[in-house]
Every structure is written in structure tokens, then in C-alpha cells.
Amino acid sequence: MWVYIEKIRDFVEQEVTIKGWLYNIRSAGKLMFPELRDGTGLIQGVVSKKEVSEKVWEDFGKLTQESSVIVKGLITRHPKKEDVYELQVKDLEIVAIAEPYPITPKEHGVDFLADRRHLWLRSPRQSAIMRIRNEIIQSIREYMYNNGFILFDTPIFTPNACEGTSTLFSTDYFDLGKAYLSQSGQLYAEAGALALGKVYTLGPTFRAENSMTRRHITEFWMMEPEMAFFDLNDNMNLIEDFLEYVVQRVIKNKKQELDFLGRDLSKLEKVKKPFPRITYNEAVEILRKKDIPLIRKTENGEEHIRPFPYGEDFGAPHEEAIVEAFDKPVMVHRWPAEAKAFYMKRDPENPKLALGVDVLAPEGFGEIIGGSQREDNLDFLLERIEEHQLPLEEFGWYVDLRRYGSVPHSGFGLGIERVVSWLCNLEHIREAIPFARRPNRIRP
RNA sequence: UCGAAGGUAGCUCAAUGGUGGAGCAUUCGGCUGUUAACCGAAGGGUUGCGAGUUCGAGUCUCGCCCUUCGAGCCA
């Protein structure tokens, strides 16, 4: 019977068939120890010369790393190790002999591996990350479904920039001129929220920023819920509840993979409601107390400005300093409006502040969520569009949402790969997605 | 885009301006409990590209290309 390695415990002392690939093989005279991989796990086979036919013995000698095979044998407990199982090999069918495999069980550099991403994904580490990514996305979908959100898929071709700030990838669109690859589904999700109440979009987004850091890729997946009649506070309550659900479910269901990656689970177990909520101004106070300067580039190098001035946005060193004191995600809210996007509603108590919230992951993994309450007043929104010098003709439909039964509404965007990096404790975001797109890499 | 480090065998890395090496991988041989197995042997090189200095350049100088790390921007 064909079984998957992850289910092997249920078949002890039974004869099974495993279909997979040779991960590694060791030999000791009349014994061989092939390590088999089938996508769900690894198992060590034991081939004894006196137990198998001459042909099977010879065929095992021909196998190279990553050769595909169908192996029959008896599942037994490891003679020395607890909860480890082996396959006592009886028969072998070679599906295909692999050419010399470039990725060996030894060390490799990141560039070499990135060039062979299509093969790198076969390694136990990458396989564990992809399984955890799957669990994260699945738990997001289930949370949303169970809480009354409607999946609302937004377009990838768009005629306008959602936020005027970042650069967009462009392409020709028949007779209609340029089209751009979406950098966010938010504006369309707002239309969805006013139609359906609570919606979310989950799909790829694109940013043509020449960002060469361990936290950026040019094509990344984002989950963006949008809720009618939610204010900033409701938004933050949702973020807390949602993040706790996702993190706790992932550590419950993917413990084996997280252990394999060497993830410190005690840090993730602390991700429970409530999360600290601090205002932007309080965050600046933290930076001032720690004497973290704002570093600004000048013609003759760098300028270090102390104390950190109110109104400036935070960079990576600032985020790290703010998060340091907490062991949970930190929600920073009420930002200087000037630095923020045009669609954010102003704080009624202080119009210089926008009702935005950023969520900073613990352990220095940076911003995983950016959200806000949206501007729902028609005249204020028109003002913002003018201030930001955005083409009104492209935003006509968006402005319309304020004409026909406008309501307070809020939402946020969560970067899937940032969350994968955080939960898997990855050094670099390039491992968080099957095929990472970066400014200097579009292959494979 | 800016700053720093780097580019030598298939991979990871050594090599005082003076005959380019090791471990792993590959091929062959040995070994009945191996776990990135081990032991023995063999094959494997336009030192990123181009110019210059020098009797002599992997090593020094200049230009270009590429990679990594950090910064900015952001999810």
C-alpha cells in the first residue's frame, strides 16, 4: 500500500510502498542506508545484501541523489531511537536516475541556492517553511470565513496608483494606454465593504521599489480586510484577535516544522491579546529616552538629529528600539498625517494626526501590518486628493463611495511573507515565498 | 540609489608579489548500524571581465560587471 512518510507511525510492522526521491545514501559494506524523501518527510531505509535480490542491491548502488524511486518494505522502529521509524527495504523500482545533483547536503551560498530555487525547495528546511506558509494562509482564510468576512478578489491591472508614493510597474493595455500592477487592493476592497459589510482580499501585490533589504520583495502577497462601520479602535481589536488566532493555530498545527527550523516557540506562545497600543507620540518618547537619533543623508555624509523630531517616520533602527521593550506585536497608532496616505481619516481631536495603525512584530521582524480608518467625508477626501496631486478622474469611482451612503470604515493590510519570516524566524524574506522576486532577480 | 565587504575547482573556503591547495561533491575500490558516516585512490582551474605597474600578478593600481550585508522606501 502506498503511504506518505508523514503517516508512517500508523503502519509499524506493516509492508508499505513509498514513492519519492533519494535524499542521501550511506553504505557500510553489505548494508546501505538510503534516506528517502516524499515531500511529506524523510525516512531512512535499511538495505541488507542478504535480504534483497541481487538486482535490488545493484540498483541501489546506481542511485544518485534525487533519483526518483518506488520502494517497498516493512516499517520498523529504530533499534536505538525513540519515535523514529525505518523502512526495511524489500524491493526497489527506479523511476528515473538523476544527473549529478547540484545541491548537496553540505553548505551553499545564498546566491547559488537562489539560482537553483526550483531545486532548493526540495530541501527539508524549505519544505518546512512552505508548509508553515500554507498553514498561515489557511488559518487566515478560516478566521475570515468564520468571522463573516467575504472573500472579495480585487484586480491586479489598475489604471491608477493606490498610494501616490511608491513606484508602480507598468505595462501596455491595448488602446487604453498604460496599466499598472496593483500595489494594494484596498481601494477596491472599500467598495466591497460598502457592498457586503466585511470583506477581505488576498493576493499578490507589486512594488517597483529598488529595495535591497532582507525585508523586501517586489512581488508579495497581502491580505487586506475592509470593514464598514469599524472605527480605528474596532480595527485594532480585530487585528489583535486575528493575529492571536493565526499565530496560536500555527504553533499548534506546525510544531514539528517550527522545531525543525529551530524556532523558539515560547516567544510565539506569548502572542495573546491584548497587545500593547501606543500612540506615535509615545513611540517618539521611547526613542528620545533611548537617545535614538534620526539619521538623515546629506551631501557630506550623514546627519544625526537628536532628540528624534516629532513628525518624522520611523526607519528600521527605530522600529527595533520601540519593539525591544515588548514581547508581543506592538500597535502604533495616530501618526503625523503628512507622512501618511491620502485616504486616512484625520483624528477629530487633532487634525494633524491620521487614524492609522502600524503593527510591529516582536524580535525585530518589523512592520507586518499597516492599517487605518478611512476618510469618509466627501469634501475632506477631495481636499486630500488635491493636496497629494492625484488625478481626480482616476479616483472618481472611489470618491463616489462617499457620495452614496458613506459610512465610517476601516481596514488593514498584512504582508504574508513578513509573517512567514517572523513565525519561521527567517533571516531573509527570500525564503518566505516559493519564488522570490527582487530587483536583481526574476529567475527562476 | 548610497555605504561596506567580497568574486579562486561543481560547492564552501585557503594561498608573504615567486611552481594555485584542502574539505565536500563526482568516478573507482573497501567496510553489517550508518546519521552532513568513515578509510584509500583518481579526475577536475582562462583565479568575474578589460587594461596597467612589475623580471614575475589570484595578490598592487584603474575602469566595468556581478553578489552579499547595511541604509532609505514600505507590507
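A, B, ... follow the sequence lines: proteins, then strands. Residue 1 opens every chain. If you're wondering where the values come from, they're calculated on a predicted model, not measured in any experiment.
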Just checking [X]: base, sugar-phosphate only, or nothing, at a heavy-atom cut-off of under 4.0 Å?
X	result
A:E99	nothing
A:I295	nothing
A:K81	base
A:R441	nothing
A:I25	nothing
A:D358	nothing
A:I368	sugar-phosphate
A:T213	base

Practice task
Ignoring backbone atoms, establish whether A:N24 has a side-chain N or O less than 4.0 Å from OP1 or OP2 of B:A36.
Solution key: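 No, A:N24 has no side-chain N/O under 4.0 Å of OP1/OP2 on B:A36.
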Practice task
Kindly say if A:R430 contacts the phosphate of B:U68, meaning a side-chain N or O under 4.0 Å from OP1 or OP2.
Solution key: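 It does, given that an N or O in the side chain of A:R430 lies less than 4.0 Å from OP1 or OP2 of B:U68.
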Exercise for the section: Check side-chain hydrogen bond (donor to acceptor under 3.5 Å, both in side chains) between A:S211 and all other residues, then give those that pass, not counting sequence neighbours. Expected result: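 For A:S211 there are no side-chain hydrogen bond (donor to acceptor under 3.5 Å, both in side chains) partners, ignoring immediate neighbours.
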Practice task
Applying side-chain hydrogen bond (donor to acceptor under 3.5 Å, both in side chains), name anything that partners A:E367, two or more places apart in sequence or on another chain.
Solution key: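 Per chain and number, A:E367 pairs via side-chain hydrogen bond (donor to acceptor under 3.5 Å, both in side chains) with no residue.
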[X] has an atom [atom1]; how far is it from atom [atom2] of [N], in whole Å?
X	N	atom1	atom2	result
A:L294	B:G72	CG	C1'	11 Å
A:N440	B:C66	CG	C1'	9 Å
A:D115	B:C66	CG	P	14 Å
A:R214	B:U67	CZ	P	19 Å
A:E319	B:C74	CD	C1'	9 Å
A:F314	B:A75	CZ	P	15 Å
A:R438	B:C69	CZ	P	6 Å

Problem - Proximal nucleotide (of B:G72, B:C74, B:G70) relative to the A:H216 side chain - result: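 The closest nucleotide is B:C74.
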Identify each atom pair where a protein N or O and an N or O of nucleotides 26-33 of chain B are less than 3.5 Å apart, giving names and distance.
residue	atom	partner	partner atom	Å
B:C31	N3	A:G29	N	3.2
B:C31	N4	A:S27	OG	3.0
B:U32	OP2	A:K30	N	3.2
B:U32	O4'	A:A28	O	3.2
B:G33	O2'	A:K80	NZ	3.0
B:G33	N1	A:E86	OE1	3.3
B:G33	N2	A:E86	OE1	3.2
B:G33	N2	A:E86	OE2	2.1

Practice task
Please answer whether the main-chain N or O of A:A98 pairs with a side-chain N or O of A:S67 as donor and acceptor at a distance below 3.5 Å.
Solution key: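 Yes; judged by distance alone, with no hydrogens or angles, the pair exists.
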Problem - Inter-residue atom distance A:L243.CG - A:L238.CG, 0.5 Å rounding - result: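 If I round to the nearest 0.5 Å, the distance is 9.0 Å.
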Practice task
Please round to the nearest 0.5 Å and tell me the distance separating atom CG of A:L294 and atom CD1 of A:I292.
Solution key: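 Spacing of CG (A:L294) from CD1 (A:I292) equals 11.5 Å.
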Exercise for the section: With sequence neighbours left out, write down each residue that passes ring pair (Phe, Tyr, Trp, His ring centres under 6.0 Å) with A:Y200, or none if nothing qualifies. Expected result: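 Once residues adjacent in sequence are excluded, A:Y200 has no partner under the ring pair (Phe, Tyr, Trp, His ring centres under 6.0 Å) criterion.
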Practice task
Name all pairs fulfilling the ring pair (Phe, Tyr, Trp, His ring centres under 6.0 Å) condition that reach into residues 91-117 of chain A, sequence neighbours left out, sorted by first residue then second.
Solution key: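 Qualifying pairs: A:H108-A:F112.
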Completion exercise
Once base and sugar-phosphate atoms are separated, protein heavy atoms under 4.0 Å mark nucleotides 1-14 of chain B, 5' to 3', with B, S and - as B---------SS--
Partner set under salt bridge (Lys or Arg N to Asp or Glu O under 4.0 Å) for [X], not counting sequence neighbours:
X	result
A:D259	A:K255
A:D115	A:R441
A:R437	none

Handout entry: Non-neighbouring partners of A:M130 that pass side chain to side chain contact (heavy atoms under 4.5 Å, CB included), sequence neighbours left out
Key =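 Listed in chain order: A:R117, A:L121, A:R133, A:P434.
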Problem - Stem segments of RNA chain B by first residue number [Watson-Crick or G-U, under 3.5 Å, at least 3] - result: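 Ordered by first number, the stems with RNA chain B (at least 3 consecutive pairs each) read B:1-7 with B:65-71, B:10-13 with B:21-24, B:26-30 with B:38-42, B:48-52 with B:60-64.
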Practice task
Could you tell me if the ring centre of A:H333 sits under 6.0 Å from that of A:Y280?
Solution key: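 No - the distance between ring centres of A:H333 and A:Y280 does not fall below the 6.0 Å cut-off.
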Practice task
Measure across A:Q88 and A:T76 and return the closest heavy-atom pair with its distance rounded to 0.1 Å.
Solution key: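 Nearest heavy atoms, A:Q88 then A:T76: NE2-OG1, 3.0 Å.
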Exercise for the section: Verify the neighbour count for atom CZ of A:F169: are there more than 12 heavy atoms of other residues, nucleotides or ligands below 6.0 Å? Expected result: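 It does: A:F169 CZ has more than 12 such atoms within range.
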Strictly under 3.5 Å: I want the nitrogen or oxygen pairs between protein and nucleotides 39-42 of chain B, one per line.
none

